[in-house]
Trainee: 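Just passing along the structure, written as structure tokens.
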Amino acid sequence: MLITEVKASKIRRVRHRNLRQGKPFSTTAYKKDNEKKTFHLACIHNNITISCATFYPENNKFFPNEKSYRLRGMATDTEYRKRGIGKEILLQAFEEIKKKKGTLLWCNARLIAVEFYKKLGLQTIGKEFDISDIGPHYLMYKKM
């Protein structure tokens with residue numbers, strides 16, 4: 001299985017299958033998907049994208065003095081979960097963010113993903129909050 005940088009169009013179907021089920025396909029496009037500093041990592045298996053994540057510079061009020069990157073749209077197809085693919089994507093992203101002089105990665109983590117992120121060194125901050133039409137989340141972060 002290959003983890004590589006791809007264009008947003010290559011990962012939107014994975015986002016839809018795993019994060020936006022029952023919602024219009026248009027909800028899989030993020031405002032910053034095609035910006036110059038955004039990068040997308042995907043795992044390709046048998047020419048099919050099975051896992052992905054998106055990263056871009058975005059400040060967060062909780063970390064005002066950091067050069068922050070945001071993680072969005074991390075997803076792995078159900079039959080490929082718990083095989084270390086998401087871990088490998090994040091480890092590669094950590095290195096890429098460091099190369100880009102980023103000092104912190106943050107995300108809004110669904111409750112189901114909190115323990116996964118903790119195993120990779122992310123920490124929660126603040127209280128649980130709800131994102132409309134998606135559900136409960138925690139703000140999580142990791143200093144690079």
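In what follows, every heavy atom counts, from backbone to side chain, and hydrogens, waters and symmetry copies are set aside. Bear in mind that the values here come from a model prediction, so they are computed numbers and not experimental data. One is the number of the first residue; the rest follow in order along the sequence.
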Trainee: Looking at I112, I'd like to know if its CD1 atom is crowded, meaning that more than 12 non-hydrogen atoms belonging to other residues, nucleotides or ligands lie closer than 6.0 Å.
Mentor: no
Trainee: In terms of hydrophobic clusters joined by side-chain contacts under 4.5 Å, are L41 and M144 together?
Mentor: yes
Trainee: Will you find, in the side chains of R12 and T28, an N or O donor that is under 3.5 Å from an N or O acceptor?
Mentor: yes
Trainee: For the pair E66 and K143, find out whether any cationic side-chain nitrogen is under 4.0 Å from an anionic carboxylate oxygen.
Mentor: yes
Trainee: Indicate if I134 and W106 have the same hydrophobic cluster label, given that clusters are the connected sets of ILVMFWY residues with side-chain heavy-atom separations under 4.5 angstrom.
Mentor: yes
Trainee: Indicate if L104 and I89 have the same hydrophobic cluster label, given that clusters are the connected sets of ILVMFWY residues with side-chain heavy-atom separations under 4.5 angstrom.
Mentor: no
Trainee: Check the side chains of T54 and R15 for a donor-acceptor pair under 3.5 angstrom, ignoring hydrogens and angles.
Mentor: yes
Trainee: Answer with yes or no whether the hydrophobic clustering places L111 together with M74; edges join I, L, V, M, F, W, Y residues whose side-chain heavy atoms lie under 4.5 Å apart.
Mentor: yes
Trainee: Test question: given the 4.5 Å side-chain rule for I, L, V, M, F, W and Y, name all other residues clustered with I11, or answer none.
Mentor: V6
Trainee: Do the side chains of E96 and K100 get close enough for a salt bridge, i.e. N-O under 4.0 angstrom?
Mentor: yes
Trainee: Is the NZ or CZ atom of R72 positioned over Y30's six-membered ring, under 6.0 angstrom from the centre and within 45° of the axis?
Mentor: yes
Trainee: Side-chain donor-acceptor pairs under 3.5 Å in residues 126-133, sequence neighbours left out?
Mentor:
none

Trainee: Would you check if there is a donor-acceptor pair between the side chains of R81 and N18 at a distance under 3.5 Å?
Mentor: yes
